Amino acid sequence: MPHTFPKAERLSGKKAIDRLLRCARYGHVEGIKYAYAPDSGQTQNRLLVSVPKRLFKRAVRRNLLKRRIREAYRLQKELLPPGGVDLLLTYDSREMLPFARIREAVAAILTEVASRTSHPGV
RNA sequence: CGGGUAAGACGAUCUGCCGCGCCGCCUCUCGGGGCGGUGAGGAAAGUCCGGACAGGAAAGGGCACCCUCCUGUGGAAAGCACAGAUGGGAGUAAUCUCAUCCCGGUCGUAACAGAAAACAACCGCCGCUUUUUUUUCCGGUUCGCCGGUUUUUUGCGGUAAGGGUGAAAACGCGGGGUAAGAGCCCACGACGGUCGUCAGCGAUGGCGUCCGGGUACGCCGGGAGGGCCUGCAAGACCAAAUAUACUGGCAGAUGAGGGCGGCCCGCCCGAUGCCAGGGGGUAGGUUGCGUAGAUAAAUGGCAGAUUCAAACACAGAAACCGGCUUAUAGUCUUACCCUUUUU
RNA sequence: CGGGAUGUAGCGCAGUUGGUAGCGCACUACGUUCGGGACGUAGGGGUCGUCCGUUCGAGUCGGAUCAUCCCGA
């Protein structure tokens with residue numbers, strides 16, 4: 001699997017986001033809250049990244065954190081097999097976490113979501 | 001050498017791997033793929049001014065309301081820039097910084113302190129008057145006193161020099177003058193103004209001349225110039241689903257259609273129902289939009305090298321343009337100032 | 001993104017032509033009561049969001065800055 005992140009893998013549009021939030025199941029690891037909803041009808045997974053303004057007032061810092069989260073997802077996306085899963089990652093710390101910590105957190109989230117969506121009976 | 005002032009520039013570069021937005025070309029199994037190009041700032045920020053652009057309102061003009069206010073030049077304009085003028089303030093200095101139209105008003109304020117905060121009054125000083133003289137002194141004496149002077153006291157008047165408080169005290173100094181005093185008068189100086197002249201495009205300044213005498217701040221009025229309101233979430237276009245103005249067709253009180261559990265019967269409610277066209281209009285999309293131009297929003301991650309004390313300043317375009325203000329590690333250039341040392 | 005508004009005691013608010021910063025509730029002490037509440041008396045508590053400027057003197061006037069809140073598809 002190539003480590004790419006094209007436009008089709010980005011979650012956009014008001015209806016798609018409404019569907020995700022309405023059907024979402026939530027979780028939390030260190031520094032990041034996440035929500036996911038399977039069976040979006042798409043063949044690939046889609047990702048939405050958010051860093052609240054109330055945590056970081058400066059746009060430069062929000063942009064940097066969003067880029068780090070996206071990069072962490074791009075490099076580790078094989079942990080979550082493609083199957084129409086929509087995923088929302090929301091930053092949830094007042095500290096600027098370094099890239100290594102964010103990568104670990106995203107890996108944990110992807111592993112957890114993959115186990116729950118691909119083996120629903122377990 | 002060190003410290004400082006002013007003006008200006010930069011505020012990372014390169015290599016490897018992976019990755020992103022937009023544009024062009026090629027390929028294509030129409031999902032995509034390949035190649036090339038391009039891709040954040042000096043403030044992109046705050047939203048403090050101005051302009052374009054867009055919509056709304058409006059015959060024209062005035063009042064009201066709001067903003068601006070020394071001079072010249074630049075500029076589309078600006079609470080803009082540059083250069084200057086006058087008067088303060090900071091600094092040893094280079095230099096920085098603040099203020100600024102004109103005229104008027106029985107206009108207001110000046111806390112505390114102080115006699116008084118600008119009208120005056122009070123203490124004091126001076127003149128006249130009254131009173132007290134058992135109590136100062138001098139002169140005259142008919143030895144009873146008389147006149148003057150001094151002290152005390154009453155009233156009237158003159159005066160703003162003195163009152164040392166305050167952030168601020170009614171031009172300064174010298175002389176004359178007076179009962180005592182005062183710009184009351186005079187000389188010099190300071191301040192404000194008239195006129196003349198010279199310099200300057202001008203604000204203004206120099207010189208001469210004559211005149212004047214209560215300060216500071218604020219408020220209100222006057223003059224000149226400018227200003228309609230709202231803002232890209234403005235505005236324009238395309239346009240699902242649902243409801244529907246309007247038009248046409250069909251069915252319909254001889255019951256269309258709906259409800260009672262899916263069908264039949266039965267019961268109940270009952271005048272519109274179905275189809276097609278169609279305008280406005282919502283979600284959504286396109287445009288507005290730019291040789292960066294997205295639409296949940298692109299410049300990043302990892303490793304290394306370089307100059308190096310350190311690559312860790314402030315900070316991310318969302319419609320555009322000209323300014324202002326604020327944040328900013330560090331580096332460089334030019335001019336100048338100060339201190340110390342050396343020559 | 002574009003428009004607005006507000007910061008004063010623990011909380012809610014006053015505070016005009018600049019001159020000792022106040023009110024209500026709350027708090028502390030005392031009184032009252034067998035005890036508590038209520039009531040009465042007395043008292044404490046303030047970088048007036050922050051930094052400059054004007055002034056002899058700013059909560060107040062003029063700038064800048066920070067924070068919070070509201071409105072607009």
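From a predicted model like this one, the values you see are computed outputs, not experimental measurements. Values below: all heavy atoms of this structure, side chains included; hydrogens, waters and symmetry mates excluded. Chain identifiers are assigned alphabetically (A, B, ...) following the order of the sequence lines, protein sequences preceding nucleic acid strands; residue numbering begins at 1 within each chain.
Spacing between A85(B) and U71(B) at atom C1', rounded to whole Å, works out to 7 Å. The gap from the C1' atom of G281(B) to that of G266(B) amounts to 47 Å, rounded to the nearest Å. Rounded to whole Å, the C1' atom of G181(B) lies 41 Å from the corresponding atom of G206(B). On the P atoms, G19(C) is 26 Å away from G43(C), given to the nearest whole Å. Taking atom C1' in both G205(B) and C70(B), one finds a spacing of 15 Å when rounded to whole Å. Taking atom C1' in both U38(B) and A310(B), one finds a spacing of 33 Å when rounded to whole Å. When the C1' atom is used for both C338(B) and U95(B), the distance is 12 Å, rounded to whole Å. Nucleotides C48(C) and C1(C) are separated by 35 Å at their C1' atoms, to the nearest Å.
Only V60(A), N63(A), L64(A), R67(A), R70(A), E71(A), listed by number, bring a heavy atom of residues 60-72 of chain A to less than 4.0 angstrom from any atom of RNA chain B.
The partner of A319(B) is absent, by the rule that a Watson-Crick or G-U pair needs both atom distances under 3.5 Å. Pair check for A329(B) finds none; no Watson-Crick or G-U wobble contact set falls under 3.5 Å. Nucleotide C267(B) has G259(B) as its partner under the Watson-Crick or G-U criteria, with both atom distances under 3.5 Å. Nucleotide U151(B) forms a pair with no other nucleotide shown, judged by Watson-Crick or G-U wobble geometry with both contacts under 3.5 Å. Across all strands shown, the partner of C156(B) is G127(B), judged by Watson-Crick or G-U wobble contacts whose two distances both fall under 3.5 Å. The partner of U135(B), taking Watson-Crick or G-U wobble pairs whose two distances both stay under 3.5 Å, does not exist in any strand shown. G24(B) is paired with C35(B) under the Watson-Crick or G-U wobble criterion, all donor-acceptor distances under 3.5 Å. Base pairing annotation: C302(B) forms a Watson-Crick or G-U wobble pair with G16(B), both donor-acceptor distances under 3.5 Å.
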Kindly give the atom pairs (protein nitrogen or oxygen, nucleotide nitrogen or oxygen) under 3.5 Å for nucleotides 65-69 of chain C.
none

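You'll find a donor-acceptor pair under 3.5 Å spanning the side chain of R74(A) and the base of C18(B), going by distance alone.
Proximity of L88(A) to Y36(A): side-chain heavy atoms (C-beta onward) are nowhere separated by under 4.5 Å.
Residue R67(A) holds its CZ atom at 7.0 Å from CZ of R70(A), rounded to the nearest 0.5 Å. Distance OG/S50(A) to CD1/I69(A): 8.5 Å, rounded to 0.5 Å.
Taking for each of A100(A) and A59(A) the nucleotide of RNA chain B with the nearest heavy atom, the 5'-most of the two is the partner of A100(A). Of the residues near RNA chain B, R103(A) and L48(A), the one whose nearest nucleotide (by heavy atom distance) lies more toward the 5' end is L48(A).
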Could you give the side-chain donor-acceptor pairs of residues 100-111 of chain A under 3.5 Å, partners two or more places apart or in another chain?
from    : atom 1 : to      : atom 2 : distance (Å)
R101(A) : NH2    : E30(A)  : OE2    : 2.5
T111(A) : OG1    : A107(A) : O      : 2.8

Please report the C-alpha distance between L47(A) and L89(A) in whole Å, then the side-chain angles of each, then the deciding distance to 0.1 Å, and finally whether the side chain to side chain contact (heavy atoms under 4.5 Å, CB included) criterion is met. CA-CA 8 Å; L47(A) 176 68; L89(A) 299 179; 3.8 Å; yes
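RNA chain C forms stems at C:1-7 with C:66-72, C:10-13 with C:22-25, C:27-31 with C:39-43, C:49-53 with C:61-65, each a run of 3 or more consecutive Watson-Crick or G-U wobble pairs whose two key distances fall under 3.5 Å.
Grouping Ile, Leu, Val, Met, Phe, Trp and Tyr residues whose side-chain heavy atoms lie under 4.5 Å apart, directly or via other members, places L75(A) in a hydrophobic cluster with F99(A).
Between R116(A) and E112(A) there is a salt bridge, with a side-chain nitrogen of the basic residue lying less than 4.0 Å from a carboxylate oxygen of the acidic one.
Here Y91(A) pairs with F56(A) under the ring-ring contact (aromatic ring centres under 6.0 Å, His included) rule; sequence neighbours left out.
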